[in-house]
> 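Here you go, one structure.
Along the sequence shown, residues carry numbers from 1.
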Amino acid sequence: MAILGLGYAGFGSDALDDWRRFGTGLVGLQAVERGNSLLAFRMDDRKQRIVIDRAQGEGTRFFGWEVADSAALDALAARLERAGVAVTSEPLALADSRRVRGLISFRDPAGNRLEAFHGAEIDDTPFRPGRSISGFRTGPLGLGHAVLTVEHIAPVMSFYVDVLGFGLSDYIEKPFRAYFFHVNARHHSLALIETGTNGMHHLMVELFSLDDVGQAYDVAQQEDRVNVTLGRHTNDLMTSFYAKSPSAFMVECGWGGREIDPVNWTPFEMHDGPSLWGHERVWLSPEDRAVAREMRMRAAAEGKRAPVQVMEGNFRLMSGTCPWWDGVKAES
């Protein structure tokens with residue numbers, strides 16, 4: 001697969017001060033000043049993972065997808081052009097701003113600006129979180145995942161799967177339509193939710209400790225930023241909550257995400273809703289919230305549990321090629 005992972009994400013906003021407080025004090029990112037108009041965040045050894053740009057308008061967004069090297073970048077550009085997608089080879093100045101060696105840009109059918117790059121710069125100083133946390137799970141899994149809202153899933157899904165080579169992990173049809181896609185062992189690096197409009201839904205970052213998530217949840221409650229309550233997903237098994245960011249989308253803070261085998265994974269439809277428990281979604285309509293709540297109550301009545309396995313003395317989540325609930329009970 002040419003694309004290795006979600007390397008970075010950027011958003012337009014003039015609320016740099018709010019983003020600095022949110023990113024460091026709640027999420028735990030390290031803020032890096034990039035002049036008067038740009039704020040960057042670190043979450044590991046890379047120079048930046050998330051960028052907030054005052055020079056771009058609110059609602060502007062871009063996503064940087066990583067490839068192995070310049071040959072892989074050229075091959076991806078050629079593949080896009082054969083598919084009729086306009087590709088721009090970005091100048092060195094923009095690549096320097098993104099802290100990468102080589103950069104191209106293009107757009108998906110929903111109008112989202114996508115960038116592909118190689119050669120991300122590594123910082124010569126250790127990552128220093130904005131609050132006391134154990135760190136973020138990145139590395140070969142990438143930044144985390146991005147979830148986009150789309151008018152219609154089919155054409156956008158075709159672009160990501162048939163042109164970019166993403167793999168479908170699974171999907172749901174109720175209480176809303178959502179499709180989940182992988183490019184590496186992370187269960188999904190991208191998801192699409194069909195809402196009738198194109199936009200940004202949320203960005204997920206995964207922390208190493210459940211306590212990191214719980215403490216972020218306390219901060220979010222104190223600041224009235226909780227937009228989806230603490231809960232656990234049925235597909236990637238992530239325990240998480242969603243916080244209202246200073247922009248018009250959410251940031252999901254999670255722990256315990258599932259790893260899959262991308263080569264042998266078989267996609268399937270989930271019938272038990274998006275969450276095993278919790279995750280009350282205030283953004284849903286009252287009718288859809290009722291459907292989601294009924295699904296969680298049914299899961300509780302049936303005793304549905306997420307599988308676990310023990311690795312190196314710690315509980316780690318299992319991967320597989322079938323729905324997580326098929327005859328599997330929690331072990332301890």
> State, yes or no, whether a side-chain contact exists between Val27 and Val251 at a heavy-atom distance under 4.5 Å.
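Contact flag for Val27/Val251 side chains = yes.
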> Does a donor on one side chain and an acceptor on the other come within less than 3.5 Å for His145 and Glu252?
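Yes - a donor-acceptor pair under 3.5 Å links their side chains.
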> Can a salt bridge be assigned to the pair Arg137 and Glu259 using a cut-off of 4.0 Å between side-chain N and carboxylate O?
yes
> Taking ring pair (Phe, Tyr, Trp, His ring centres under 6.0 Å) as the criterion, tell me which of Phe159, Tyr160, Tyr179, Phe180 meets it with Phe166.
Tyr160
> Would you mind reporting whether Leu164 and Phe106 have side-chain heavy atoms less than 4.5 Å apart?
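Result yes, sub-4.5 Å side-chain heavy-atom pair found.
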> Would Asp272 and Thr234 count as having a side-chain donor-acceptor pair, cut-off 3.5 Å?
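No - no donor-acceptor pair under 3.5 Å links their side chains.
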> Between Pro274 and His233, which heavy-atom pair has the shortest distance, and what is it?
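Answer, listing the atom of Pro274 first, then His233: O-ND1, 3.1 Å.
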> If you measure from the Lys or Arg side-chain nitrogens to the Asp or Glu carboxylate oxygens, is any gap between Arg296 and Glu280 under 4.0 Å?
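Looking at Arg296 and Glu280, the cut-off is met.
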> Between Arg186 and Glu206, is the closest basic N to carboxylate O distance under 4.0 Å?
yes
> Minimum heavy-atom separation for Asp69 to His118, with atom names?
C-CG, 3.6 Å
> Any chance CG of Asn36 has more than 12 other-residue heavy atoms, nucleotides or ligands included, within less than 6.0 Å?
no
> State whether the side chain of Arg177 and the backbone N or O of Ile193 hold a donor-acceptor pair below 3.5 Å, judged by distance alone.
no
> Under 3.5 Å, is there a donor on one side chain and an acceptor on the other for Glu151 and Thr197?
no
> Is it the case that Glu115 and Tyr8 place a side-chain donor and acceptor less than 3.5 Å from each other?
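Note: Glu115 and Tyr8 side chains meet the donor-acceptor criterion.
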> Can you tell me if Arg79 uses its side chain to pair, donor with acceptor, with the backbone of Ala83 under 3.5 Å?
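Absent.
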> Mark yes when over 12 heavy atoms from residues, nucleotides or ligands other than Gln222 sit less than 6.0 Å from its CD; otherwise mark no.
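Open.
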> Counting distance only, does the side-chain N/O of Arg61 pair as donor-acceptor with the main-chain N or O of Gly59 below 3.5 Å?
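Such a contact is found between Arg61 side chain and Gly59 backbone.
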> According to the interplanar angle, ranging from 0 to 90°, do the rings of Phe41 and Trp19 count as parallel (below 30°), tilted (30 to 60°) or perpendicular (above 60°)?
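Taking Trp19 first and then Phe41, their aromatic rings sit tilted (interplane angle of 30° to 60°).
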